[in-house]
Amino acid sequence: MKPLYKTLISLAVVSAMTGCASTKKVEDNSPQHPTVVLKAKYHLNGLYLPELNGQQVVYTRATQRRLDHDNKFRNLLMRWANSNSGAIANIDDKVSFMLDHDKKQYRECPLAGCSTFSFNFGGTDSDDEAYESYESIGCEVSIVSNDLSVVKTGQKRVISNMPAEEYKVQWQLVLQDPAAKKDTNLVQMSFWTTTPDTQMQQAWQVHRQFQTAYAEHAEDNILIQLLGKEAYMGLAAITGDIEKTGNEQYNDFLQALTIIEGYPLSIKAEWYRDTQSCQEKRRSKKQNSGVDLTAGLGTAARSLLSGVVDQQKERILDEWRKKPLFHYLYDVTEVKEQMIHDSLFMPPVNYMLTDRQ
């Protein structure tokens, strides 16, 4: 019998050789074709949202698009939710793929994307339970004011080594209950845009080809269902994915944003809310282990700070008022056309198929 140490050495050598073989990079021999590549980074946080940093790469052809996202949570307790994922849309084959780069798995789906299975037959899903609509609490409200303003500020700066100018958007919606108590929603956005160069103009053209074909062949996409094809294209134009033209149909909100000119390099959106209406109906709802957040941030803060002196209460409340419910920042870092392998628009050969819909 071979001595044990010799057996272990043999196994170690075989294991090392196998490991080297498995990590060898496989050459991609698939054809290459011109592809618009957009790279961006983004940041998301808010009053009830964990802080998230992400990076995005978008590859677009006339009938194909791939998006890769790498998301990292700042909070140590949320790092289990970090993800590295991708999505591929192939219009010619009317199919899409959802990629999980961490697990090396993928799902094959209709062009509009995968549906999510739920055991909650006939019931209310968790998202509906978390969001309390006026109807769900039995409160009637009416619109008091609905004001939108878009202005070019004249402010200039350099973003990703490109000159940019700022447009500010402010949308304020005020709702009132029968007792004349008001809810105020304030959405503030800023767009930093640059005069498009040749690469950006080319990106607009290719992206429009894709979005036009996608809108025609992915009618079950939820945005297309809600907005219609024309408004969907209008939204794509406002966000900078395609160039604005007179061909798009804009609703009143999107029409106001059409004064924004240039290629968006940075978009910031923040949502603030002051909730004062329907207090009697909201008071029965408790969140966060008995702390009532539905009565407004001020009431919630006071319930948490009952043992603190008034001066400390006001100081902390002022800080709460400064933080939006939702904060999102999106910065484009690069836009250019590159020669990309066709294989990029299919799941990697070593990924396992886990679902087909």
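The figures here come from the full heavy-atom set of this structure, side chains too, leaving out hydrogens, waters and symmetry mates. Remember, it's a predicted structure, so these values are computed and weren't measured experimentally.
For the pair L344 and Y59, the minimum side-chain heavy-atom distance is below 4.5 Å. Side-chain atoms of T258 and I238, non-hydrogen and from C-beta on, do get closer than 4.5 Å to each other. The side-chain heavy atoms of R65 and I88, taken from C-beta on, include no pair separated by under 4.5 Å. Under the 4.5 Å side-chain criterion, counting only non-hydrogen atoms from C-beta, K39 is not in contact with V332. The shortest distance between side-chain heavy atoms of M233 and T212 falls below 4.5 Å. Side chains of V150 and L257 form a contact here, defined as non-hydrogen atoms less than 4.5 Å apart. Looking only at side-chain heavy atoms (C-beta outward), W171 and D147 stay at 4.5 Å or farther from each other. Residues H33 and D342 form a side-chain contact, since some pair of their non-hydrogen atoms from C-beta on lies under 4.5 Å apart.
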Verify side chain to side chain contact (heavy atoms under 4.5 Å, CB included) between T194 and M200, making sure each step is shown before the conclusion.
-> CA-CA 10 Å; T194 189; M200 292 173 181; 3.9 Å; yes
Just do the side-chain hydrogen bond (donor to acceptor under 3.5 Å, both in side chains) check on Q176 and K182 with the steps written out, would you?
-> CA-CA 4 Å; Q176 180 175 280; K182 296 181 176 65; 3.1 Å; yes
Show your working on side chain to side chain contact (heavy atoms under 4.5 Å, CB included) between K268 and M189 and close with a plain yes or no.
-> CA-CA 5 Å; K268 183 173 77 170; M189 302 180 69; over 6 Å; no
Evaluation steps, side chain to side chain contact (heavy atoms under 4.5 Å, CB included), between H43 and H327 | CA-CA 8 Å; H43 180 81; H327 166 88; 4.0 Å; yes
Please step through side chain to side chain contact (heavy atoms under 4.5 Å, CB included) for the pair Q170 and L186, ending with a clear verdict.
-> CA-CA 7 Å; Q170 182 165 293; L186 177 63; 3.5 Å; yes
Report the C-alpha separation of Y272 and E270 in whole Å, then their side-chain angles, then the decisive distance to 0.1 Å, and conclude whether the side-chain hydrogen bond (donor to acceptor under 3.5 Å, both in side chains) test is met.
-> CA-CA 7 Å; Y272 300 85; E270 293 179 322; 3.2 Å; yes
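The backbone N or O of S85 sits nowhere less than 3.5 Å from a side-chain atom of S83 that would complete a donor-acceptor pair. Of the possible donor and acceptor atoms, one in the side chain of K244 sits under 3.5 Å from a partner among the backbone N and O of I260. When atom types are taken as modelled, the side chain of N221 and the backbone of L223 share a donor-acceptor pair closer than 3.5 angstrom. Proximity of a side-chain donor or acceptor of D102 to a complementary backbone N or O of N84 within less than 3.5 Å is detected.
Residues K152 and E165 are paired through a salt bridge, judged by an N-O separation under 4.0 Å between the basic side chain and the carboxylate. A salt bridge between K229 and E219 is present, with a side-chain N of the basic residue lying under 4.0 Å from a carboxylate O of the acidic one.
Of all the heavy atoms in D183 and Q276, the pair that sits closest is OD1-N, 2.8 Å. Taking all atoms of both residues into account, the shortest heavy-atom contact from A256 to L148 is CB-CD2, 3.3 Å. Nearest heavy atoms, H341 versus F345: O-CD1, 4.3 Å. Of all the heavy atoms in D177 and C139, the pair that sits closest is CB-SG, 4.1 Å. Considering all non-hydrogen atoms of both residues, Q202 and V36 come closest at O-CG2, 4.2 Å. Taking both residues in full, the closest heavy atoms of F73 and P50 are given as CE2-CG, 3.6 Å, listed atom of the first, atom of the second, then distance.
Follow the hydrophobic side-chain contacts under 4.5 Å out from V141 and you reach I143 in the same cluster. Under the 4.5 Å side-chain heavy-atom criterion for grouping Ile, Leu, Val, Met, Phe, Trp and Tyr, L235 is connected to L67 within one hydrophobic cluster. Residues L52 and W80 share a single hydrophobic cluster, defined by chaining ILVMFWY side chains whose heavy atoms lie under 4.5 Å apart. Under the 4.5 Å side-chain heavy-atom criterion for Ile, Leu, Val, Met, Phe, Trp and Tyr, L44 and V57 are members of distinct hydrophobic clusters. Y330 and V158 are not part of a single hydrophobic cluster, where members link through side-chain heavy atoms under 4.5 Å apart.
In this structure, the separation between OH on Y167 and CZ on F191 is 11.0 Å, given to the nearest 0.5 Å. Taken to the nearest 0.5 Å, the CD1 atom of I159 stands 6.0 Å off from the CG atom of L265. The CG atom of L175 sits 9.5 Å away from the SG atom of C278 when rounded to the nearest 0.5 Å. Atom NZ in K94 sits 8.5 Å away from atom CG in L111 (nearest 0.5 Å). The CG atom of D355 sits 6.5 Å away from atom CZ of R107, with the distance rounded to the nearest 0.5 Å. Interatomic distance, S266 OG to L329 CG, rounded to the nearest 0.5 Å: 5.0 Å.
Between the side chains of Q211 and Y232, at least one donor N or O lies within less than 3.5 Å of an accepting N or O. For the 3.5 Å distance criterion, the side chains of D274 and T184 fail to qualify, holding no donor opposite an acceptor. If you check the side chains of D241 and T239, you find no donor sitting under 3.5 Å from an acceptor. Side chains of R61 and T35: a donor on one and an acceptor on the other come within 3.5 Å.
The 12-atom threshold is exceeded at NZ of K72, counting heavy atoms of other residues, nucleotides or ligands nearer than 6.0 Å. For E140, the CD atom is loosely surrounded, since the number of other residues' heavy atoms within 6.0 Å does not exceed 12. Within 6.0 Å of the CD atom in Q55, the count of heavy atoms belonging to other residues, nucleotides or ligands does not exceed 12. Other residues, nucleotides and ligands contribute over 12 non-hydrogen atoms within 6.0 Å of the CG atom of N350. Atom CE of M339 sits in a crowded spot, with more than 12 heavy atoms from other residues, nucleotides or ligands closer than 6.0 Å.
H101 and Y351 have perpendicular rings, their planes meeting at more than 60° on a 0 to 90° scale where under 30° would count as parallel.
Listed by first then second residue, pairs satisfying ring-ring contact (aromatic ring centres under 6.0 Å, His included) with a partner in residues 196-221 read W204-Y263, F210-Y214, not counting sequence neighbours.
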